[in-house]
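Note sheet for the following structure.
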Amino acid sequence: MKILIIIPAYNEQDSIFNVIQDIEKFCPYADKIVINDASTDRTKEILETYKIDYLDLPVNLGIGGGVQTGYIYAYENGYDIAIQMDGDGQHCASELYKILVPIQEDMADIVIGSRFIENKGFQSTFMRRIGIGILSKMVYICTGKKIKDVTSGFRAVNRKFIKIFSKEYAQDYPEPEAIIVASKYNGRIKEIPVVMCERNNGKSSISPIRSCYYMIKVSLAIILQKLAKMER
């Protein structure tokens, strides 16, 4: 199968090279594309210096726009499987096979790498875990699917959902909404335990204020998706 790893990156000069090195070590058979989301640091310079394949966005689109750009690239270039993986080093390349195998064996359309099944590795902050728990319950109410780590951006999807996400993907904090979209198209979703690492360098784009905005925005989006499904 033709596999693409999509790596959205905004100001990840301190981690992006190590992320690519780890992928080449643990998943050398996959292609990689970094989506440089209008970084203002040396991210682009590092990508060019080490001849790492990348797409350069002229304006900052945020995580949703960056990932969707990767899905469009994957669809237009005939990939069978696409994997999302952060550029900050929190997603371990050594865990890639865990989310890849269920897609290869046609056991799922979408596989989510979860921190909260075995509770190993970095577990996020206490307040974020509370927020994730609330979103998880909302997703369950709207879809009937029990997903513990609804905000995990460590995911693999098959060709069917590469096509769907290339056309329909939330632009701002998209992970929980992507589950709603997958449910709308009867996607088989599988959650797999993985170990994640704490960010060693750089700064998260989600501040406490943005976390509140995140909760409100995503909650409303989930409710609207549910209402739209009921109308159909």
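Here the straight-line distance linking atom CD of Q68 with atom OH of Y169 works out to 8.5 Å at 0.5 Å rounding. In this structure, the separation between OH on Y73 and OG1 on T69 is 12.5 Å, given to the nearest 0.5 Å. Expressed to the nearest 0.5 Å, how far CG of N36 lies from CG of N60 amounts to 9.5 Å. Taking NZ from K120 and CE from M196, the interatomic distance works out to 14.5 Å, rounded to the nearest 0.5 Å. Rounded to the nearest 0.5 angstrom, M138 CE and I141 CD1 are separated by 7.0 Å. Going from atom OH of Y10 over to atom OG of S39 covers 7.0 Å, rounded to the nearest 0.5 Å.
A 4.5 Å side-chain heavy-atom check between Y54 and K44 finds at least one atom pair inside the cut-off. Inter-residue side-chain proximity for V139 and S136 is flagged as unmet; no heavy-atom pair is nearer than 4.5 Å. Looking at heavy atoms from C-beta onward, R159 lies in side-chain contact with Y75 at the 4.5 angstrom threshold. Considering only heavy atoms from C-beta on, R155 stays 4.5 Å or farther from I99 through its side chain. V194 is not listed as a side-chain neighbour of C92, based on a closest heavy-atom distance of 4.5 Å or more. Looking only at side-chain heavy atoms (C-beta outward), I23 and M85 come within less than 4.5 Å of each other. Side chains of K190 and I192 form a contact here, defined as non-hydrogen atoms less than 4.5 Å apart. Looking at heavy atoms from C-beta onward, N158 lies out of side-chain contact with I110 at the 4.5 angstrom threshold.
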In sequence, state the C-alpha distance, the side-chain angles, and the governing distance for L4 and I81, and then conclude on side chain to side chain contact (heavy atoms under 4.5 Å, CB included).
CA-CA 6 Å; L4 178 71; I81 300 174; over 6 Å; no
Residue pair V34, L55: steps toward the side chain to side chain contact (heavy atoms under 4.5 Å, CB included) verdict:
CA-CA 6 Å; V34 176; L55 297 175; over 6 Å; no
Verify side chain to side chain donor-acceptor pair (under 3.5 Å) between N18 and S15, making sure each step is shown before the conclusion.
CA-CA 5 Å; N18 290 333; S15 59; over 6 Å; no
Between T40 and N11, is a side chain to side chain donor-acceptor pair (under 3.5 Å) present by the stated rule, with each step listed?
CA-CA 6 Å; T40 57; N11 289 351; 3.2 Å; yes
Run the side chain to side chain contact (heavy atoms under 4.5 Å, CB included) test on V157 and I103 for me, step by step, so that the C-alpha distance in whole Å, both residues' side-chain angles and the decisive distance to 0.1 Å come before the verdict.
CA-CA 7 Å; V157 311; I103 302 290; 5.6 Å; no
Would I3 and Q104 satisfy side chain to side chain contact (heavy atoms under 4.5 Å, CB included), going step by step from the backbone distance to the final call?
CA-CA 10 Å; I3 304 166; Q104 291 175 317; 4.0 Å; yes
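Between T43 and A9, the shortest heavy-atom distance links the atoms CG2-CB, 4.5 Å. Minimum interatomic distance between A156 and I83 (heavy atoms only, all atoms of both residues): CB-CG1, 3.9 Å. Nearest approach of V67 to Q84, heavy atoms of both residues: CG1-CD, 3.7 Å. A pairwise comparison of heavy atoms in G70 and I6 identifies C-CD1, 3.4 Å as the closest pair. Across E175 and I63, no two heavy atoms sit closer than the pair OE2-CG1, 4.2 Å. Taking both residues in full, the closest heavy atoms of S114 and K148 are given as OG-CB, 4.4 Å, listed atom of the first, atom of the second, then distance.
Under a cutoff of 6.0 Å and an axis angle of 45°, K146 and Y140 form a cation-pi pair.
Under the 3.5 Å distance criterion, the side-chain polar atoms of D37 are left unmatched by any main-chain donor or acceptor of G66. D88 places a side-chain N or O within donor-acceptor distance of the main-chain N or O of Q90, the cut-off being under 3.5 Å. Between the S152 side chain and the G113 main chain, a donor and an acceptor come within less than 3.5 Å of each other.
A salt bridge links D106 to R188: at least one charged side-chain nitrogen sits closer than 4.0 Å to a carboxylate oxygen. A salt bridge links R115 with D149: at least one charged nitrogen is closer than 4.0 Å to a carboxylate oxygen.
Listed by chain and number, the residues in a side-chain contact (heavy atoms from CB on, under 4.5 Å) with I147 are I112, K145, V150, I179, I189, E191 (sequence neighbours excluded). Looking at residues two or more places apart in sequence or on another chain, you find a side-chain contact (heavy atoms from CB on, under 4.5 Å) between D53 and I33.
Between F161 and Y185, the ring-plane angle classifies as perpendicular under the 30° and 60° cut-offs.
If you chain together hydrophobic residues whose side chains sit under 4.5 Å apart, M1 and L100 fall into the same group. No path of Ile, Leu, Val, Met, Phe, Trp and Tyr side chains, each step under 4.5 Å between heavy atoms, connects Y97 with V111, placing them in separate hydrophobic clusters. I72 is not connected to I7 by any chain of hydrophobic side-chain contacts under 4.5 Å among Ile, Leu, Val, Met, Phe, Trp and Tyr, and they are in different clusters.
Residue pairs meeting the side chain to side chain donor-acceptor pair (under 3.5 Å) criterion with at least one member in residues 22-31, sequence neighbours excluded, are D31-Y79.
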